[in-house]
There are 2 protein chains.
Amino acid sequence: MGVITTTKNRAQAVVKAVATPKELLPLGQIIPGDCVEAMRSIPTASVDLVFADPPYNLQLGGDLARPDGSHVDAVTDEWDRFDSFKSYDDFTRAWLTEAKRILKPDGALWVIGSYHNIFRVGAILQDLGFWILNDIVWRKANPMPNFKGTRFTNAHETLIWASQGEKAKYHFNYRAMKTLNDELQMRSDWVLPICGGQERLKEGGTKVHPTQKPEALLYRVLLATTERGDVVLDPFFGTGTTGAVAKRLGREWIGCEREGVYRDAALKRIEKELPLDESALTTMQAGRAAPKVAFGALVEGGFLKPGTEVFDKKRRWIATVRADGSLALGKQTGSIHGLGKDLQGAPSCNGWTFWHYENGGEIKPIDAARQLYLLAVED
Amino acid sequence: MGVITTTKNRAQAVVKAVATPKELLPLGQIIPGDCVEAMRSIPTASVDLVFADPPYNLQLGGDLARPDGSHVDAVTDEWDRFDSFKSYDDFTRAWLTEAKRILKPDGALWVIGSYHNIFRVGAILQDLGFWILNDIVWRKANPMPNFKGTRFTNAHETLIWASQGEKAKYHFNYRAMKTLNDELQMRSDWVLPICGGQERLKEGGTKVHPTQKPEALLYRVLLATTERGDVVLDPFFGTGTTGAVAKRLGREWIGCEREGVYRDAALKRIEKELPLDESALTTMQAGRAAPKVAFGALVEGGFLKPGTEVFDKKRRWIATVRADGSLALGKQTGSIHGLGKDLQGAPSCNGWTFWHYENGGEIKPIDAARQLYLLAVED
DNA sequence: TAGTGGCGTGAATCTGCTT
DNA sequence: GAAGCAGATTCACGCCACT
């Protein structure tokens, strides 16, 4: 629930500004063609969030070989080639201008980039009147090394989160973020693995898109700054990570994408995605008793999916995991520790050992998932 | 040990470009007054490194004068905001232009900032021709929480490291950084505590400077990108963290600072600082660096006898060591690197790890012989 | 079967000196 | 300035084969 604006207040604000019924929006569709052209077809002040992963303008030189002689598969696609900073700036100003137009007055913008482009993007969006709320650092758990030993390992990317203006309202699910982060305020640096393994879309053994983003990143962005039913637009849709996570989290999505290959892959992918059920989506409300959990990170990382059933050893109680790492059993909700304590009427409860889940026919305490998570995340 | 340019080569390059004797520079001094004016007194191409911690401006207001000396009003409405960005940009362009002038051709620039100003600084320095080498995230171990719970905890600041241009040489102590990081490449995200405790300068219980940077940050910057004796200039000297660490590490320093209170505190502080002794500095610079060793020297020294057979790990190729340090396989000959490269059809090859030899029934890479050689030569 | 080791790979502005 | 050559250079993770 928003600390900055409540859902109720937002709804009123939107009704005042415009009244674009959702039926008029191309929800769940990927608009083909150039993203600026595509966005022109979207009504003014109709979208709650824009998430953009624009080309980075990498300006790579020749080929790069690893110390073992193998070849680095670089981003050489036509869509990342610009003549100059000037032409990249023009392109950036054009799509950011459209993004600002289609966003609701209390909508927000996310952009991700690297040092090649993010300073230009940040300065231009400030010039256009966007108001930066945070810059977020995605610290990659497993970045590519610097093979030649010439610089520091490029181990992070930067996201900018911005509202429509200095005085504009925006939406931040403070409580859900705090729950997700073991009851500590969520910081501006997020440690997440890069996209690989089963999650990485491949066609005949080769990656479909060179820069597919991890779903955990979008999960956190959407959980932090949108509500259920909000409309999220991604002007550089690619293979549809934004759409897939939006659908899972019960958000509406719109994509823009030039390349047919990416559009096809994205639609196929999102088709397979299942929305989480109602109880899993209900995140912790602001002001409620603080759930004392580190559990949220497991949910976010996909180690335990929202909607998973967890139960005590004797199966007296069966609860459901929700998107922010809280548990629900009927009308009772709480952290893994708090709910276990309440149900038993005990003075305290270690949720890690109390709750169990089933995995491949095997019943394990959720602490097992924590161990897996720790193994995966450990620096 | 420089990877990008060796100390010897740099010295030659500098002599060619200009010949500003260090005696003509105000080493170990803080130039009073406006930083742009102060930098104008420094000769062109005379400084090895500029480290800058400029005012972050914007919301702070007041602390910033336009280049023409007029005062910038506090940020209130849209026009003022634009005006504020404009004047901040002018100010930034002015001091960056001077910094570029006084830097040697193989010199480098560091700037630190937050999301309020770093995007403008980054875009402008790119426009001026600086070439970004890395953006570095200083991840604060103990940041101030976001008390209102309206955003993510602002837990990092951003540094930009840039050379004079795309083709310009620069200096990076790769080996020293790797040593500092437990033999793993140093990443672009640095976890360091904020400045506090004994290190924080206080006068009558209150901090002397609001944004004093931790010495560990400067330590890493100077160790990574300067050599002993290099000249480091800090145009926003404040209470002299740059000078203190420079003195400790045996680097020369120059400061610019408007405020007399800061100048006095800085001079007093640096006075107390003691340079590390010769041996400590030598060790740190070289790290565990392996000085370049010609394979021929090993043969010459009898560590590998001519006629010895060397082979790759899978024994696909077996070559013979010749008296001049070259290898021969049938009619093919070449250096340890070149022959390995040709045989594999690879773009490059590190012969030290590719080739192996047998010694007392044990198979070792020829790099092992290099280590023995180094041990023997050191004494 | 659980554990181990080899191999592939990820948004990368990725060499320097001599001829 | 282009070409050629000597020399230096990688971390974490997922998958699969093998023990």
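Throughout, protein chains are lettered first and strands after them, A, B, ... in sequence-line order, and every chain is numbered starting at 1.
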What interatomic distance, in whole Å, is found between [atom1] of [M] and the corresponding atom of [N]?
N      : M      : atom1 : result
D/dC15 : C/dA11 : C1'   : 23 Å
C/dT1  : D/dC18 : C1'   : 13 Å
C/dG10 : C/dC14 : C1'   : 15 Å
D/dA12 : C/dT13 : C1'   : 23 Å

Answer yes if the side chains of [X] and [Y] hold a donor-acceptor pair under 3.5 Å, and no otherwise.
X        : Y        : answer
B/His171 : B/Asn173 : yes
A/Tyr88  : A/Asn117 : yes
A/Gln59  : A/His116 : no

Exercise for the section: Please check if the distance between the ring centroids of B/Trp190 and A/Phe152 is under 6.0 Å. Expected result: yes
Please state how far atom [atom1] in [X] lies from atom [atom2] in [N], giving the value in whole angstrom units.
X        : N      : atom1 : atom2 : result
B/Asn134 : C/dC14 : CG    : P     : 11 Å
A/Arg81  : C/dT13 : CZ    : P     : 18 Å
A/Ile194 : D/dC11 : CD1   : P     : 15 Å
A/Glu199 : D/dC13 : CD    : P     : 15 Å
B/Ile160 : C/dT13 : CD1   : P     : 15 Å

Practice task
May I ask you to verify whether the side chain of A/Lys140 and the base of C/dA11 hold a donor-acceptor pair under 3.5 Å?
Solution key: no
Handout entry: Check: D/dG14 base within 3.5 Å donor-acceptor of A/Arg200 side chain
Key = no
Side chain of [X] (C-beta onward), nearest among [options]:
X        : options                : result
A/Lys207 : C/dT13, C/dG10, C/dC17 : C/dG10
B/Tyr174 : D/dT9, D/dC11, C/dA12  : D/dT9
A/Lys148 : C/dA12, C/dG10, C/dC14 : C/dC14
B/Lys169 : C/dC17, D/dC11, C/dT13 : C/dC17
A/Pro67  : C/dT9, C/dA11, D/dT9   : D/dT9
B/Lys178 : C/dA12, D/dT10, C/dC14 : D/dT10
B/His337 : C/dA11, D/dA8, C/dG10  : D/dA8
A/Leu64  : C/dT9, C/dC14, C/dG10  : C/dC14
A/Arg151 : D/dA8, C/dC14, D/dC11  : C/dC14
B/Trp131 : D/dC11, C/dT13, C/dT15 : C/dT13

Any [X] side-chain nitrogen or oxygen under 4.0 Å from OP1 or OP2 of [N]:
X        : N      : result
B/Trp352 : D/dA8  : yes
A/Asn154 : C/dT13 : yes
A/Gln198 : D/dC15 : yes

Handout entry: Stacked cation flag A/Arg120 on B/Phe119, 6.0 angstrom / 45 deg
Key = no
Fill in the blank from the handout: The residue, A/Asn146 or B/Ile336, whose nearest nucleotide of DNA chain D is more 5′ is B/Ile336
Problem - Pair A/Arg258 + A/Asp34, salt bridge at N-O below 4.0 Å - result: no
Problem - Flag, side chain of A/Lys202 to backbone of A/Val208, donor-acceptor distance under 3.5 Å - result: no
Exercise for the section: Would you confirm whether A/Gln212, through its side chain, and A/Leu201, through its main-chain N or O, come within 3.5 Å as a donor-acceptor pair? Expected result: yes
Base, sugar-phosphate, or nothing: which does [X] touch, judged by heavy atoms less than 4.0 Å apart?
X        : answer
B/Leu133 : nothing
A/Asp77  : nothing
A/Leu58  : base
A/Pro54  : base

Exercise for the section: Could you classify D/dT9 for me, syn or anti, using a glycosidic angle within 90° of 0 as syn? Expected result: anti
Practice task
Please round to the nearest 0.5 Å and tell me the distance separating atom CZ of A/Phe82 and atom OG1 of A/Thr92.
Solution key: 7.0 Å
Fill in the blank from the handout: Per nearest nucleotide of DNA chain C, the residue lying toward the 5' end, A/Gly61 or A/Thr211, is A/Thr211
Completion exercise
Contacts of A/Gly205 and A/Gly62 projected onto DNA chain C by closest heavy atom; the upstream (5') one is A/Gly205
Exercise for the section: Look at the aromatic rings of B/His337 and B/Trp352 and report parallel, tilted or perpendicular, splitting at 30° and 60°. Expected result: perpendicular
Fill in the blank from the handout: Its dot-bracket string being built from Watson-Crick and G-U pairs below 3.5 Å, with | for another strand and [ ] for crossing, DNA chain D has the pattern .|||||....|||||||||
